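To start, the structure itself, in structure tokens.
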Amino acid sequence: QVQLVESGGGLVQPGGSLRLFCAAAGSIFNIFAMGWYRQAPGKQRELVATISKGGVTNYADSVKGRFTISRDNAKNAVYLHMNSLKPEDAAVYYCNADDDDGLGNLSAYWGQGTQVTVSS
């Protein structure tokens with residue numbers, strides 16, 4: 001199994017910045033995609049950003065131009081740089097990784113979540 005450990009959440013003022021970090025460890029075969037999702041109280045979990053092993057990125061419209069996702073393939077790590085934070089960005093952010101064992105078996109793994117609070 002793969003374990004994802006997240007860090008970097010916290011309390012910031014509107015317009016501030018945070019950097020989230022997530023690293024995968026365990027029985028890793030080939031992580032071909034990683035991403036970040038978030039869930040606010042009473043809301044469904046939503047996609048924030050994803051990145052492929054080759055560096056191709058995808059962002060939710062609500063964060064384009066403000067958030068940047070990046071990864072370090074050698075370390076099986078993914079980052080989310082969040083700028084110009086808004087109160088509506090407040091949520092629990094979850095790291096995701098998709099692992100391929102090379103035999104046609106795909107597994108999705110999730111981090112424990114890290115709280116991001118945006119308030120003045």
Side-chain angles (χ1 to χ4, degrees):
Q1 295 184 337
V2 174
Q3 297 83 44
L4 301 179
V5 180
E6 305 178 29
S7 64
L11 172 65
V12 297
Q13 295 182 336
S17 299
L18 281 176
R19 183 185 187 227
L20 305 184
F21 169 80
C22 175
S27 300
I28 300 171
F29 293 96
N30 179 36
I31 296 178
F32 60 88
M34 301 188 78
W36 292 93
Y37 295 72
R38 67 187 182 187
Q39 187 168 19
K43 304 294 184 180
Q44 289 190 322
R45 184 179 299 181
E46 65 176 353
L47 170 73
V48 177
T50 61
I51 184 168
S52 72
K53 193 170 185 177
V56 178
T57 59
N58 182 53
Y59 296 92
D61 289 341
S62 60
V63 306
K64 286 182 179 178
R66 299 188 298 119
F67 291 9
T68 302
I69 189 171
S70 61
R71 66 185 289 174
D72 184 335
N73 291 334
K75 298 180 179 180
N76 290 311
V78 63
Y79 306 83
L80 186 67
H81 298 261
M82 304 184 294
N83 299 315
S84 301
L85 283 162
K86 305 174 180 179
E88 51 263 42
D89 293 318
V92 177
Y93 283 70
Y94 296 92
C95 176
N96 165 258
D98 293 323
D99 192 35
D100 175 16
D101 66 0
L103 301 175
N105 300 309
L106 304 179
S107 299
Y109 298 94
W110 295 90
Q112 82 282 3
T114 184
Q115 177 71 54
V116 172
T117 302
V118 185
S119 177
S120 59

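Residue numbers start at 1 and run along the sequence shown. Keep in mind that what you see is a predicted model, and the values were worked out from it rather than measured.
The distance from atom CG of Asn96 to atom CG of Leu4, rounded to the nearest 0.5 Å, is 7.5 Å. Annotation: the span from Thr50 atom OG1 to Arg71 atom CZ amounts to 10.0 Å, rounded to 0.5 Å. Atom-to-atom distance recorded for Ile31:CD1 and Asn76:CG is 4.0 Å, nearest 0.5 angstrom. Note: Leu11 CG to Thr117 OG1 = 6.0 Å, rounded to the nearest 0.5 Å. Rounded to the nearest 0.5 angstrom, Ser27 OG and Asp101 CG are separated by 11.0 Å.
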Solution key, residues 39-47 side-chain donor-acceptor pairs under 3.5 Å, sequence neighbours excluded:
{"residue": "Gln39", "atom": "NE2", "partner": "Lys43", "partner atom": "O", "Å": "3.1"}
{"residue": "Glu46", "atom": "OE2", "partner": "Arg38", "partner atom": "NE", "Å": "2.7"}
{"residue": "Glu46", "atom": "OE2", "partner": "Arg38", "partner atom": "NH2", "Å": "3.3"}

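Of all heavy-atom pairs between Val48 and Tyr93, the closest is CG2-CE2, 4.1 Å. Minimum heavy-atom separation, Pro14 to Ser120: CD-N, 3.7 Å. The minimum heavy-atom distance linking Gln112 with Val5 is given by the pair OE1-CA, 3.9 Å. In this structure, Met34 and Val78 approach most closely via the heavy-atom pair CE-CG1, 3.7 Å. In terms of heavy atoms, Ser7 sits closest to Thr114 at C-OG1, 4.4 Å. When all heavy atoms of Ser84 and Arg66 are compared, the pair lying nearest together is O-NH1, 3.0 Å.
The side-chain heavy atoms of Leu106 and Asp98, taken from C-beta on, include no pair separated by under 4.5 Å. Within the 4.5 Å cutoff, the side chain of Val116 has heavy atoms near those of the Leu20 side chain. Looking at Val12 and Ser17, their side chains never come closer than 4.5 Å, going by heavy atoms from C-beta outward.
Ring geometry for Trp110 versus Tyr94: interplanar angle over 60°, hence perpendicular rather than tilted (30 to 60°).
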Query raised in the report: Does the pair Tyr59 and Thr68 meet the rule for a side-chain contact (heavy atoms from CB on, under 4.5 Å), with working shown?
Result: CA-CA 9 Å; Tyr59 296 92; Thr68 302; 3.9 Å; yes
Report task. Test side-chain contact (heavy atoms from CB on, under 4.5 Å) on Val63 and Met82 and set out the steps. Result -> CA-CA 9 Å; Val63 306; Met82 304 184 294; over 6 Å; no
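A donor-acceptor pair is defined here as one N or O able to donate and one able to accept, closer than 3.5 Å; no such pair exists between the side chain of Asn30 and the backbone of Phe32. Within the 3.5 Å criterion, the main-chain N or O of Cys22 finds no donor-acceptor partner in the side chain of Glu6.
Both Tyr109 and Ile51 belong to a common hydrophobic cluster when Ile, Leu, Val, Met, Phe, Trp and Tyr are linked at side-chain heavy-atom distances under 4.5 angstrom. In the hydrophobic cluster analysis, where Ile, Leu, Val, Met, Phe, Trp and Tyr join through side-chain heavy atoms closer than 4.5 angstrom, Trp36 is grouped together with Phe67.
Salt bridge annotation for Asp89-Lys86: absent, with no cationic side-chain nitrogen under 4.0 angstrom from a carboxylate oxygen.
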